[in-house]
Amino acid sequence: MKKEQVEYTVQLLREGYALTDVAKLAGINVMYVSVIRKLMVMGLLNVDG
């Protein structure tokens, strides 16, 4: 997964999109989106955006 995909995924999650919508827009698996969201909630993923 590319850094740009992660940043775009974080941006979409912050805007309130659903997991499946984020997966389709970012072009990644929904499980990756779920892991990224979990890391954001736990405070382990810090992406400026």
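Please read these numbers as outputs of a predicted model, since none were measured by experiment.
For the atom pair E15 CD and L25 CG, the distance stands at 10.0 Å (nearest 0.5 Å). To the nearest 0.5 angstrom, T9 atom OG1 is 10.5 Å from L19 atom CG. Taken from OH in Y8 to CG in L13, the straight-line distance is 11.0 Å, to the nearest 0.5 Å.
A distance-only check finds no donor-acceptor pair linking the side chain of S34 to the backbone of V30 [under 3.5 Å].
The closest side-chain heavy-atom distance from M31 to I36 is not below 4.5 Å.
Hydrophobic clustering (ILVMFWY, side-chain heavy atoms < 4.5 Å, transitive): L44 and M1 are in one cluster. Hydrophobic clustering, with ILVMFWY side chains joined whenever heavy atoms are under 4.5 angstrom apart, groups Y32 together with M42.
For Q11 and E7, the side-chain atoms include no donor-acceptor pair closer than 3.5 Å.
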